Amino acid sequence: MKKNTVVIVGAGSTHTPGIIQSLLQKKEEFPLKKLILFDIDEERMNMVKSIMTQFIEEAYENLEVISTSDYKEAFTDVDFVFAQIRQGGLKMRSCDEKIPLKYGVVGQETCGPGGSISYGIRSIPAVIEIIRQAKKYSPNCWILNYSNPAAVVAEATRREFGNERILNICDMPVAILLSYSKMLGLKDWTELDPEYFGLNHFGWFTALYDKTGKDRLPELRKLILENGMTACSDKHHKDKDWQKTWKQYAEIIKDYPEYLPNSYLQYYLYSSDVVKKMDPSYTRADMVINGREKEMIEEYQKYLANPSEYKSPIQEFTVFGDFIVDAAASIAYNKGYRYLVIVENNGAIPNLPSDVMVEVPAYLRSWGPEAISRKPISTFYKGLIENQAASEKLAVDAYFENSYDKALQAIAINKTIPSTNIAKAILDDFIEANGEYWPRLEKKSY
Ligand code: G6P
Ligand code: MN
């Protein structure tokens, strides 16, 4: 079995320990030759490396592990790039969330004007640069990208690279499937084969087949309507704030019982209700800083106090890690696992344009994802998706064309926005907050 050299880009993330755990636990299915950690923030990267070293040494005898912030060292002779960067860090996430809230608009990491447009335009050049460097030093490597906002980033990488050997993925469908499988008394999320259509963080499950071929969606719908959604059991998606999402999830199904939604649809279908529950001075970014971030720093301090005796408590892997390693194994060994991934539509959803990046089930082969096509979708879903896709495409246009007008259109068309004057005010604040992260946007003269 061929062994793999993997580079984790954005290795200083609090999600990296979970990914490393998965790589170690799945060493039979996806053996490592070398593990490379890459981050521009060396201090954070060293934190992660220090607290994980003990596990790596227990799982692999003599695995070469390096950490670097040099492109050549990071990307030479690699098989897989796991890219999970957060351009601007949590500080900029906080701006993306707080600026819209100032105007009574949804302030969310990947949704609405902050998530799609501000973060989108900021992420695009950083992700493109990583991919360019990776392809320069390892032209045959596979890039598994789940840098957010995944929908906007996927559209940008489609335009820049035709998504050649690039797979854009998100863990949210898996996190939801994990809950479903537990609620149905199944052992694991892989026991359900979902039918699903939509965009990233914007889609619907239409069927959930178990291993006997029975569609369990009707049974699950009934369970959720009667008892609510049982919180996900993975470490990441069960914290206090995520519980609110699972509570709201059951509400969506009461109003729209036909299919089971991606939880992110709450931000579009209940925008003003969600805003009422948000605190504009203390958003999710603050919770993450005072939660996961703090825990990681505390662990590092324990390590520093006694490096030779240190035992990391970070043993649980998250769906983030679980999914990305399985996806890589499927590509590396041509397993053809069926997962939800973000691909160019090309007829998979027949009544949507072919050049939209959609999230649908696909078989992951060594030559790439083979998307599964489905029947046309009905008006409600089509209308919502086309609106959201237009907002995302306009954000990518704004970046490539340095266009203020397109950025304004991207925000104004977004379902979370009540008026153009609010869109303008938000855009002007974003321009200031993003500074050098954004290209200089120009107004076209007419
Ligand atoms: C899910 C989504 C990710 C997103 C994350 C945010 O896992 O799929 O795209 O980044 O949630 O979670 P957080 O705990 O940071 O708010
Ligand atoms: Mn996601």
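Nothing here was measured: the structure is a model prediction, and the numbers come from that model. Residue numbers count from 1 along this sequence. First listed ligand is number 1; within each ligand, the first listed atom is number 1.
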Task: Aromatic plane relationship, Tyr196 with Phe205 - under 30° parallel, 30 to 60° tilted, over 60° perpendicular - done: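 Correct class here is perpendicular.
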TODO: Can you label the angle between the Phe75 ring and the Tyr71 ring as parallel, tilted or perpendicular, going by 30° and 60°?
DONE: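 Because their plane-to-plane angle is under 30°, the rings of Phe75 and Tyr71 count as parallel.
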TODO: Show your reasoning for whether salt bridge (Lys or Arg N to Asp or Glu O under 4.0 Å) applies to Arg122 and Asp96.
DONE: CA-CA 11 Å; Arg122 190 166 73 243; Asp96 296 341; 2.7 Å; yes
Open item on the list: I'd like to know if the side chain of Ser330 and the backbone of Asp326 have a donor-acceptor N/O pair within less than 3.5 Å.
Closed with: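 Checked: no pair found.
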Open item on the list: For Glu258, I'd like to know if atom CD has over 12 heavy atoms of other residues, nucleotides or ligands within 6.0 Å.
Closed with: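 Result for CD/Glu258: enclosed.
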Task: Protein residues having a heavy atom less than 4.0 Å from any atom of ligand 1 - done: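 Lining ligand 1: Arg93, Glu109, Asn148, Cys170, Asp171, Met172, His201, His236, His237, Trp242, Tyr264, Arg284, Val288, Arg292, Phe320.
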Open item on the list: Would you say the ring centers of Phe202 and Phe197 fall short of 6.0 Å from each other?
Closed with: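 So the answer is no for these two rings.
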